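All values reported here derive from a predicted model rather than from experimental measurement. Letters A, B, ... mirror the listed sequences (proteins, then strands); counts begin at 1. Reckoned from all heavy atoms, side chains included, excluding hydrogens, waters and symmetry mates.
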Amino acid sequence: MSRRAVGAPLSRVDGRLKVTGRATYAAEHDVKGVVYAVIVDSGIGRGRITGIDARDALARSGVLKVISHLNAPKLAYRPNAGSNNPEGSERLHVFQDDRVRFFGQPVAVVVATTLEAAQHAARLVEVRYAAEKPTTGLAGDRTNKPVTYARGDAEQALGSAEVRMEMTYRTARNHHNAMEPHATIARWNGHRLTVWDKTQWVNGTQEELAAVFGIPKESVCVISPFVGGAFGSGLRAWPHVTIAALAARETGRPVKLVLARRQQYFGTGYRPAYVYKVRLGSARQGRLIAMTHDIRAETSSYEDFQEGVLPTGQMLYSMPNVAQTYERVPLDVNTPLYMRGPGHATTSYIVESAMDELAHELGLDPIELRRRNEPDDDPATRRPFSTRRLRECYTVGAREFGWDRRNPKPRSTRDGDWLIGMGMAAGVYDTNRGAAQARVRLDARGSAVVEAASSDMGPGTYTSMTQVAADALGLDMRAVTCRLGDSIMPPTPPHGGSMTMASVGSAVQDGCDKLRRQAVALAVGDERSPLHGVDAGDVVAGDGRLHVKGDPTRGETYQQLLARNNRTHLETLGSFTPGESRFSMYAYNATFAEVAVDHRLGLVRIRRMLGVYDAGRIISPKLADSQAIGGMVGGIGAALLEHTVTDPRDGRIVNANLADYLVPVNADVPSLRAIYLDGDDREADPIGVKGLGEVVFTGVAPAIANAVFHATGRRVRELPITAEALL
Amino acid sequence: MHPFSYTKASDLEGALAAGRRGGRYIAGGTTLVDLMRESVERPGALVDISALPLGEITATAGGGLRIGALVSMAEAAADPKVRATFPVVSQALELSASAQLRNMATIGGNIMQRTRCAYFRDVTAPCNKREPGSGCAALEGFNRAHAILGGSDQCVATHPSDVAVAFAALEASVHLRGPDGEPSVAFADFLLRPGGTPDREHGLRPGELITAVELPALPRPLRSGYLKVRDRQSYEFALTSAAVALHIKGGVIREAKVAAGGVGTVPWKLSAVERHLIGERPSEALWAEAAERAADGARPLEHNRFKAELLKRTVERQLRIVGGSE
Ligand SMILES: Cc1cc2nc3c(=O)[nH]c(=O)nc-3n(C[C@H](O)[C@H](O)[C@H](O)COP(=O)(O)OP(=O)(O)OC[C@H]3O[C@@H](n4cnc5c(N)ncnc54)[C@H](O)[C@@H]3O)c2cc1C
């Protein structure tokens with residue numbers, strides 16, 4: 001029997017490429033004759049451009065062109081309901097008019113033969129404005145049409161509940177801040193456009209560029225083999241992608257455009273800030289009766305961005321009455337976008353903090369309170385859960401974390417100047433799946449190539465797909481090559497929402513199964529094959545061979561089979577199409593945190609964390625640990641550090657750099673541990689996975705916030721929790 | 001970035017001459033280059049001084065130390081003489097920046113580094129320090145990181161250096177070399193408060209160069225240390241910090257050197273705290289009483305009100321850490 005690749009803790013197949021600098025990221029593709037573009041961004045938060053003087057810039061040697069609304073051609077901007085463009089609103093049209101809609105909006109682009117010349121000239125472009133006062137805060141009256149949900153009668157139930165609580169929480173705007181900056185290289189060849197881009201969805205970028213330039217999708221090729229982190233920021237084609245392509249068309253040269261770190265903060269999306277009011281009603285013994293959610297979030301003036309903030313409040317706990325109102329406040333800001341654990345992460349923080357507050361109010365253990373409200377089926381849809389093992393997450397987590405050592409009384413544990421606290425929270429995220437295809441090709445040397453358009457922004461998609469293919473074809477990992485990130489490859493859904501493993505993985509599995517069956521059919525029908533006449537169902541693949549089940553000696557290699565039949569290769573197209581399901585499908589976690597709070601200086605330090613995950617089958621335990629650790633680190637950032645600060649006077653982002661926008665550094669990250677409940681989810685997809693990338697982030701911030709309360713006895717209802725809140 | 005010329009000085013005279021012609025010195029380049037990239041700094045000529053012979057740490061007669069301007073932060077922090085005589089200096093350095101930066105950055109460049117005020121570093125914002133007369137965006141803007149001490153109606157930007165706080169506490173002096181020979185300036189007089197001229201940050205004249213920082217001999221035994229309070233545990237400038245050195249003999253505090261960082265437009269010497277300590281016996285109560293004076297004269301802004309209290313607690317804590325709590 002060959003060793004199985006799936007489930008083995010393998011290292012990344014592209015690890016060596018990455019650590020030796022040979023993995024080519026968007027800006028690193030060697031495109032001949034490339035020139036450089038630098039965006040000039042708006043220095044006001046709202047208003048009109050009244051004039052642009054580019055004479056100084058154009059006079060510099062090496063400067064080829066300055067493009068702005070004054071000289072840009074009219075672009076088609078065909079409607080595009082795909083590409084993650086928000087529904088029912090119109091995206092920003094670059095350089096098409098004189099309006100400034102947010103601080104940092106691109107107002108011109110300079111193209112020059114060297115990067116230095118372009119950067120310098122960009123500083124020399126003088127833009128004059130008629131500035132207006134921007135609106136950037138969540139307090140205003142104007143909102144987009146609220147999305148609502150109701151079951152039962154929450155108002156009435158609250159009125160008669162034994163215990164009633166009302167809390168308002170605030171969460172800061174967070175930016176993705178991946179290591180790799182957004183970058184695009186664009187090249188035209190007649191009417192055909194090739195783009196090397198940092199993206200999580202080559203197909204989405206392809207469609208958007210086709211729509212913007214009014215050309216057929218087939219004329220656009222998007223290439224993105226490696227992505228240096230994205231966390232969601234690469235799920236849309238942002239204005240700079242269009243600008244690179246426009247600049248390339250206008251200059252007749254391939255153009256490279258890399259956003260400066262500062263420009264990522266208004267050139268791409270972000271997790272919007274929220275003000276979130278909850279009211280809850282409960283019986284004394286801890287059964288929830290009702291919850292209301294009044295949710296307010298930022299969006300831009302031109303697009304109505306929405307994310308999944310509602311499901312958690314509907315399905316995490318059993319209760320008869322729920323009322324939700326989700327308002328987006330249109331502001332003079334750029335449009336938000338999904339960021340790790342979108343929607344659920346925000347609501348998990350609110351609901352899981354509220355549950356902790358209720359547990360404290362009732363004098364109940366927080367885990368016990370959750371157990372008492374654990375639903376048997378989905379309280380929102382009444383559908384059965386495909387799998388929901390939160391109770392086990394609690395049991396395993398409590399045991400492994402030493403929850404029983406926690407003195408329930410807040411502010412009861414001290415270590416010198418430090419107050420010690422333990423907190424926990426549940427987290428949930430949708431089991432998303434999308435239609436995907438994958439091409440599988442096996443050549444006469446017995447090596448396979450698997451291809452799909454999907455990105456790999458860092459979770460290790462190259463590796464996990466290779467694992468699935470190796471097992472399905474009975475090949476060694478080294479005999480399988482995975483190729484990703486090109487729009488000419490079979491289409492896949494966005495590389496986000498934790499759906500790549502489930503969707504693309506299932507397509508790879510399907511393609512490999514088909515290919516193996518093709519090979520088996522060829523063998524059993526081939527008189528010269530040792531497998532001739534064997535029932536196809538009795539032939540299995542392993543160690544690069546096809547052989548009779550239970551008798552590895554009777555069989556042959558793929559090479560022998562193909563050579564004898566004069567076949568250069570076998571090829572199949574695998575596909576996965578999620579069907580309607582009668583199940584409610586989510587991934588879950590219970591996260592535990594121990595913190596120390598310096599009671600005089602207000603400093604919070606994480607001591608240790610544990611996540612226990614019900615995420616279906618774990619294809620690649622080593623990659624899963626990277627996800628879990630990354631998710632917890634991200635949660636530490638959201639809980640304690642991350643906060644995009646906007647200056648309300650002009651809409652400027654004040655901390656648009658990585659010195660002032662704080663993300664955790666190694667010193668902030670103590671021992672983190674991840675445990676995966678063994679199992680799979682056969683309702684979700686053929687390979688049994690529920691997705692991991694998002695669920696590892698949801699629930700982390702509230703676990704920390706609850707631990708801070710337990711340590712200090714002080715409830716901070718705002719993220720991030722800063723020193724000033726604890727002094 | 002604006003175009004500039006670059007030359008590397010091979011000796012002091014050459015560097016001084018180039019400086020007199022308007023050249024801007026560059027040592028480790030760790031902060032000057034950043035600011036040039038953002039167009040905050042636009043020097044026409046860079047004079048690289050990294051090859052000058054200013055990289056020595058020497059003991060002075062009587063037990064002080066002279067740290068050459070080109071000694072790297074990493075070297076200074078690791079130097080056995082510095083560690084043995086002035087732990088407050090090595091601690092302040094080790095809590096600064098990152099290991100990579102400390103390998104490149106120099107002591108001279110460190111005290112000359114410019115403020116981290118976000119509006120100063122964003123050329124699209126008004127800033128009196130960068131463009132005199134244009135206004136101060138921080139006064140009414142996001143000013144959590146700004147000074148509560150030593151500000152003016154023109155500027156409230158902090159001096160960001162950590163080791164400069166230790167230098168201020170220890171009453172170091174700065175050795176210069178320039179047209180007027182080799183003057184030496186008290187550290188307290190070297191860095192300037194903004195007043196009405198926030199663009200004038202130090203007493204260095206064109207063509208003058210820092211050659212060394214001298215730490216004076218102090219009575220022994222001397223206990224010292226540096227505490228830095230910040231949101232994350234590494235790689236961040238101070239919200240508040242305290243440099244403390246105490247000479248305790250016969251159970252009585254004979255000398256006290258205390259300064260604070262993160263709170264002042266210059267490293268903030270806490271003379272009132274020092275005075276309260278001298279002649280007293282160490283005790284928890286004394287630390288608390290003395291620290292009560294740390295924020296005297298503070299003028300907090302909208303987002304940094306907490307700093308006055310945090311500063312007192314920071315000083316109290318560090319007095320206890322250094323002075324003990326018998
Ligand atoms: C991300 C980041 C984080 C940081 N965090 C901290 C921190 O926590 N604490 C802290 O204290 N510092 C911190 N720093 C600042 C760092 O310490 C300084 O950048 C460094 O000390 C500057 O030294 P340098 O030799 O690189 O100076 P350069 O960049 O070469 O020069 C800086 C300035 O000093 C002038 N100069 C240099 N040498 C001389 C001389 N001999 N005579 C006269 N003028 C001179 C230059 O003309 C220039 O104006 C941080 C910096 C960065 C980039």
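- Ranking A:Ile636, A:Leu640, A:Leu662 against chain B, the residue ahead of the rest is A:Leu662, based on heavy-atom pairs under 4.5 Å.
- Within a 6.0 Å radius of CZ in B:Arg37, other residues, nucleotides and ligands contribute 12 heavy atoms or fewer.
- Counting heavy-atom neighbours within 6.0 Å of B:Arg299 CZ, excluding the residue itself, gives a total of 12 or less.
- One distance of note links CZ of B:Arg144 with CD of A:Glu724; it measures 4.0 Å at 0.5 Å rounding.
- Side-chain N or O atoms of A:Gln119 include none that pairs as donor or acceptor with a backbone N or O of B:Met1 at under 3.5 Å.
- Between chain A and the residues B:Val229, B:Thr240, B:Asp231, the largest count of heavy-atom pairs under 4.5 Å involves B:Asp231.
- Here the closest heavy-atom approach between residue B:Thr314 and residue A:Leu601 is recorded as N-CD2, 3.9 Å.
- Contact check for A:Thr722 versus B:Phe306: no side-chain heavy atoms found under the 4.5 Å cut-off.
- In summary, B:Arg320 and A:Asp417 engage in a salt bridge, as defined by a charged side-chain N under 4.0 Å from a carboxylate O.
- At a 4.5 Å heavy-atom cutoff, A:Asn655 makes no contact with chain B through either its backbone or its side chain.
- The pair A:Arg600-B:Glu316 counts as a salt bridge, with a side-chain nitrogen and a carboxylate oxygen less than 4.0 angstrom apart.
- Only the side chain of A:Leu641 comes within contact range of chain B, judged by heavy atoms closer than 4.5 Å.
- Contact of A:Leu603 with chain B is made through the side chain alone, with heavy-atom distances under 4.5 Å.
- Interface check for chain A: of the options B:Phe237, B:Phe142, B:Tyr235, the most heavy-atom pairs under 4.5 Å are formed by B:Phe142.
- More than 12 non-hydrogen atoms from other residues, nucleotides or ligands lie less than 6.0 angstrom from CD of A:Glu132.
- Heavy atoms closer than 4.5 Å to chain B are found in the side chain of A:Val645, but not in its backbone.
- There is no contact between A:Ile44 and chain B, counting heavy-atom distances below 4.5 Å.
- Nearest heavy-atom pair, B:His2 versus A:His120, reported as atom, atom and distance to 0.1 Å: ND1-NE2, 3.3 Å.
- Between A:Asp647 and B:Tyr119, some side-chain heavy-atom pair lies under the 4.5 Å cut-off.
- Taking both residues in full, the closest heavy atoms of A:Ala667 and B:Gln233 are given as O-NE2, 3.1 Å, listed atom of the first, atom of the second, then distance.
- Using a 4.0 Å cut-off between a side-chain N of Lys or Arg and a carboxylate O of Asp or Glu, A:Asp598 and B:Arg317 qualify as a salt bridge.
- Annotation: side chain of A:Asn657 is not in contact with side chain of B:Arg121 (no heavy-atom distance under 4.5 Å).
- Across all their heavy atoms, B:Ser234 and A:Val665 have their closest contact at O-CG2, 3.7 Å.
- Side-chain contact between B:Arg232 and A:Val663: present, with at least one pair of heavy atoms (C-beta onward) separated by less than 4.5 Å.
- Side-chain atoms of A:Arg649 come within 3.5 Å of backbone N or O of B:Ala137 as a donor-acceptor pair.
- Interface remark: B:Ala145 contributes no atoms to any contact with chain A (heavy atom separation under 4.5 Å).
- If you measure heavy-atom distances from A:Leu726 to chain B, you find no contacts under 4.5 Å at all.
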